[in-house]
Amino acid sequence: MSEIDGRPVPKVIDFGIARALDVSLTDQVLFTELHQIIGTPGYMSPEQAALDNTPIDGRSDIYGLGILIFETLTGKQPFALKNGHSDSIPELLRRVIDEEPPLLSRFDPDLRGEIEWVVSKAIAKDPEDRYDSAGSLARELERVLENRPVHAAAPSQWYRVRKFIQRNRISVLAGALALIALLAGATISTFQYVKATQLSENLQLREDDLRNEFRNSDFKMGLQLAARRKTGDAIAHFCRALRTDPEHHATASCLLALLANQKFIKESHPPIPYPDDIEKVRFPLVFESGPYLVSLIDEPEQLAKWAPETGSVSKHPTGFEEPVNHLVALPSGSRFAIATNHAIEIRSADILTSPIFRFEMESSITILTSSRTTNILACGTSDGRVTLLNAETGEAIAERAVSESTISALALAHDNRYIGYGTEAGEAGIWRLGMDLHFATENSHSSAVTALAIPESGSHLASGDREGITYLWESRRMTQLAGPIYHGDAVRVLSVNSAHQKLMSASDDGYARLWNMSDGTLTPPAQPHRGPVTFATQTSSATEFITGGTNGTLRIWSILDGSGESFPNAAQTSAAAVSPDRKYLAVFSDLRRRGALFEIDRDPAWPYRLNPGDETDHSDSFGPVLPQELSTVNGKIHVRLSSGTMLEATNTTGQEHSMRTQQPISSWTLRPEGSQLAALTKGGKLMIWDPDSGEELSPPIRLTGANITGIRFGDSDRQIELLLQDGELAKFEIPPSEPTLPPSFLVFAEKIGGKKLTEEGELKNVTNDSFLAISKDRHTFTSSNEASHQVAEQYANWLLSDRTQRTPGPGQKIEVSQYIESLLNTGKANLIKESLRLDPGNQRAIEMLKNIGRRSRPNPPE
């Protein structure tokens, strides 16, 4: 204490060292003693409480002054003992050193703000953070009282963290090291994860690219094979493309289009193996009823009956003592003719050994043939006579000596009014039975006539000889129309197709050729065989030829363009025959020791008239058939005709696609929503694309049997509407837009095509793929109500349906028999002819055309 102006005034010499003289304060203060703590702990600055050699200056007093202000404002010291006497002095010193002093607002919220900042600065742990003198602190307090800005500020979070680290260096260092290790591990893991994710994404993208490339490879190869008529191979590639990418709708669409618009030649039943005692089969016959086969077998010579449904073979004696030279099927029922040198018997395949009728001939029988539509036989003999026999009544209808030379070839027109013949002397002639007129050529052929052909109308006669020369004649007067047409060797087979004005010839040089009847020019390509060609027939639709040779080759090829391929599952053929209605083909292979029966009448989808014969001309209301440009209703796709054979499509992203055709485009159309673009060429081929991607949605589809002038899309996404030349409307079925097919359907499609691709990419034949086996073993596609299963079921059922139950397309309702009836009911000649394209043997249609022809003839002059 000291006196100032006579008044006692206390003076603090050193905060934390002053000693209380009042004994009552000893509970809160300490007496300074030797070797003990010097000062009062609650007011000691951290540097004082450390009890080390830390320099102490006036800022320690500022700290003590700050504690006094704190205590004055709150009534408590910041580091007061928590539990009275229970806490030790060392504990209090530890708090002064290690703990941050609490804020004033903790005790009184009204103390929040500048005063709290000033006191916090005064009692800061670090002397550098305190006021440098009592005067500075006093001026700061004055600013608070005068509401002026203070220099102190609220302690930051970083300040608090930094102080905590300084107080807990070892623990923080250990924690920091652990945290660094953890962060390093997390960083490395994250980096590796990101890298792995990027790699995975890159691999996925690469895998997708490779999958697309692989799928596109099969897709493009399928289109190329389809264009080359390698139908089975194309189907196998399409199926593998869909297994790689099931959602590629263009491939699915092309597969469905190929299945619906190709004629599949397949065995109707599993093959029939030869019994052990049969070595050679000759003169096979095919009967529609059953169906079943009859043939001649050697060593010893017998008749054999083959039952495809059961696979059984029964053998019977011929009933003749001399060798059998001819076995000829008749069109009605199960009758056939069997002949030796001097006798002809009519028998039934039901009872092979019992003759129904027998004809004896005075001269040797050299040739025997039958009409395709009636039970009439034509027999040629060695003395130049031609005899007509009625196999239904057992009567000889007519007989005429037409030459002094041996008859070597015969041919009948469908009504048997025209009988064509050829002789060993090289004569070719016509016997017109109704008028009993006979016209023959002389010195036309320099060698024996070996082959003849006459169309059902009897309008033409084609003749070929042993030297390989063919002529075409107008049959009424035997006027030469074309020839000589040269071949490399003897001509063995001729066939005329008047509807397409084509002549087919096959010879011993191993080639089958197609000729234009008008001028005799060759239509390439020629169809090669491994040896002489001795067998030929037209299919029921009269648009294809099947030709075979003695060295085992059997081929099927188009009358329209000459393109062809090997007949499926018929290698090493040694004998073949077709049923009179051209619906079944029997094939025998002595080398493979098996016989097989094929259905050759399952025609592809065809356009059908909506209202046959309604005589309404829809040309004006149909719309433009060859527009210059079209756009979708939303304007997203624009298509223009850039040239006669190219369409260009542009979408909203600016992508352009060019779609080309092999022949000039005669009509094209764009579906309003832009899912399909279609074009019809002048050659009658329909092509469909996706205008947004430019991908093909079908191979080229030939629309046969209809003269089409325009196309447009209908309301259904599965139909194209056709404007016919006579103004009527027709419809043609196309695959639905964006189809998806179940995996089981791909197996079915491979069975239909007869080929599949192995995992190694090798094409192999599908075994047990007859229509009967497929029908029994095929998967059903009714396991769900998904559209993909419904489409698959429709196509499968349609492909396996019988000809009479077939509809114009897989999604149509009207059957071919009903449609033919609607055509015939019109009574129009052009529609009756159209019905004959669908059913060439329809007797009602034939008779109606005959009556129309009779009515159109001029009356004879009086």
Side-chain angles (χ1 to χ4, degrees), residues 215-216 218-242 246 248-264 558 563 602-608 659-662 668-669 671 675-681 683-691 693-706 708 711 713-714 716-722 731-741 745-746 748-750 752-753 755 787-788 790-799 806-812:
R215 177 253 292 159
N216 284 334
D218 276 329
F219 176 57
K220 296 298 183 184
M221 180 59 71
L223 289 171
Q224 294 177 18
L225 292 168
R228 291 161 48 194
R229 288 175 57 89
K230 300 287 186 180
T231 305
D233 296 0
I235 289 174
H237 281 275
F238 284 147
C239 287
R240 188 168 72 169
L242 285 174
H248 192 233
H249 303 304
T251 303
S253 180
C254 284
L255 175 61
L256 292 176
L258 192 61
L259 289 171
N261 295 286
Q262 289 293 323
K263 185 171 185 176
F264 292 96
S558 172
S563 60
R602 293 177 184 250
D603 287 336
W606 38 273
Y608 67 100
M659 290 142 288
R660 298 179 181 273
T661 59
Q662 293 295 323
W668 67 278
T669 183
R671 192 173 289 282
S675 60
Q676 294 166 316
L677 171 69
L680 181 71
T681 68
K685 288 187 177 181
L686 176 70
M687 296 188 68
I688 307 171
W689 299 272
D690 178 354
S693 65
E695 290 182 315
E696 294 93 332
L697 297 180
S698 76
I701 302 169
R702 182 180 292 279
L703 298 181
T704 58
I708 305 168
I711 62 172
F713 285 109
S716 169
D717 69 342
R718 296 181 61 173
Q719 288 183 340
I720 285 276
E721 289 187 355
L722 313 174
K731 285 192 175 182
F732 179 74
E733 183 168 350
I734 60 175
S737 59
E738 299 188 352
T740 302
L741 301 174
F745 184 79
L746 305 183
F748 169 82
E750 289 169 336
I752 289 291
K755 296 286 185 67
S788 62
Q790 294 174 5
V791 170
E793 181 185 12
Q794 286 179 345
Y795 273 77
N797 291 338
W798 184 82
L799 286 163
R806 274 254 172 131
T807 60
Q812 306 307 313

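All values below come from the heavy atoms of this structure, side chains included, with hydrogens, waters and symmetry mates left out. What you are looking at is a predicted structure, and each value in this text was computed from that prediction instead of being measured.
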Which pair of non-hydrogen atoms, one from [X] and one from [Y], has the smallest distance, and what is that distance?
{"X": "Leu677", "Y": "Trp668", "result": "CD1-CE3, 3.7 Å"}
{"X": "Thr740", "Y": "Pro246", "result": "CG2-O, 4.0 Å"}
{"X": "Leu256", "Y": "Val791", "result": "CD1-CG1, 3.9 Å"}
{"X": "Pro739", "Y": "Pro736", "result": "CD-O, 3.1 Å"}
{"X": "Met659", "Y": "Gly694", "result": "CG-O, 4.3 Å"}
{"X": "Gly753", "Y": "Ile235", "result": "CA-CD1, 3.9 Å"}

Listed partners of [X] passing side-chain hydrogen bond (donor to acceptor under 3.5 Å, both in side chains), at least two apart:
{"X": "Arg718", "result": "Glu733, Gln794"}
{"X": "Tyr608", "result": "Gln812"}
{"X": "Lys230", "result": "none"}
{"X": "Thr661", "result": "none"}

Of all residues at least two apart in sequence or in a different chain, which pass the side-chain contact (heavy atoms from CB on, under 4.5 Å) check with [X]?
{"X": "Ala226", "result": "Ala234, Leu258, Pro699"}
{"X": "Ala605", "result": "Asn261, Phe732, Trp798"}
{"X": "Lys685", "result": "Thr681, Pro700, Arg702"}
{"X": "Thr669", "result": "Ala678, Ile711, Arg712, Phe713"}

- Message: Run the side chain to side chain contact (heavy atoms under 4.5 Å, CB included) test on Gln676 and Ile734 for me, step by step, so that the C-alpha distance in whole Å, both residues' side-chain angles and the decisive distance to 0.1 Å come before the verdict.
- Response: CA-CA 11 Å; Gln676 294 166 316; Ile734 60 175; 3.9 Å; yes
- Task: Give the intermediate values and the outcome of side chain to side chain contact (heavy atoms under 4.5 Å, CB included) for residues Ile752 and Tyr795.
- Result: CA-CA 11 Å; Ile752 289 291; Tyr795 273 77; over 6 Å; no
- Message: Can you list everything that forms a ring pair (Phe, Tyr, Trp, His ring centres under 6.0 Å) with His248? Sequence neighbours excluded, please.
- Response: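 Ring pair (Phe, Tyr, Trp, His ring centres under 6.0 Å) list for His248, sorted by chain: Phe219.
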Nearest 0.5 Å, please: how far is [atom2] in [Y] from [atom1] in [X]?
{"X": "Leu686", "Y": "Ile720", "atom1": "CG", "atom2": "CD1", "value": "5.5 Å"}
{"X": "Ser675", "Y": "His249", "atom1": "OG", "atom2": "NE2", "value": "11.5 Å"}
{"X": "Ser253", "Y": "Asp690", "atom1": "OG", "atom2": "CG", "value": "9.5 Å"}
{"X": "Thr251", "Y": "Leu242", "atom1": "OG1", "atom2": "CG", "value": "5.0 Å"}

- Task: Report yes if the side chains of Glu695 and Asn216 come closer than 4.5 Å at any heavy-atom pair, otherwise no.
- Result: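 When only atoms from C-beta onward are counted, Asn216 and Glu695 do touch, with a gap below 4.5 Å.
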- Hey, are the side chains of Phe745 and Leu259 touching, using non-hydrogen atoms and a 4.5 Å cut-off?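 They are in contact (side-chain heavy atoms under 4.5 Å apart), so the answer is yes.
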- Query: Quick check: does any side chain N or O of Arg228 sit under 3.5 Å from a backbone N or O of Leu223, one acting as donor and the other as acceptor?
  - Reply: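 Side chain of Arg228 to backbone of Leu223: no pair is present.
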- Message: Run the salt bridge (charged side-chain N to carboxylate O under 4.0 Å, His left out) test against Asp233 and tell me which residues pass, sequence neighbours left out.
- Response: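 Testing Asp233 for salt bridge (charged side-chain N to carboxylate O under 4.0 Å, His left out), a comparison that skips the adjacent residues, returns Lys755.
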- Query: So does Arg240 pair up with Glu750, basic N to acidic O under 4.0 Å?
  - Reply: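 Result for this pair is no, no salt bridge flagged.
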- Task: Please assess Phe748 against Leu799 for the test side chain to side chain contact (heavy atoms under 4.5 Å, CB included), listing each intermediate value before the final yes or no.
- Result: CA-CA 10 Å; Phe748 169 82; Leu799 286 163; 3.9 Å; yes
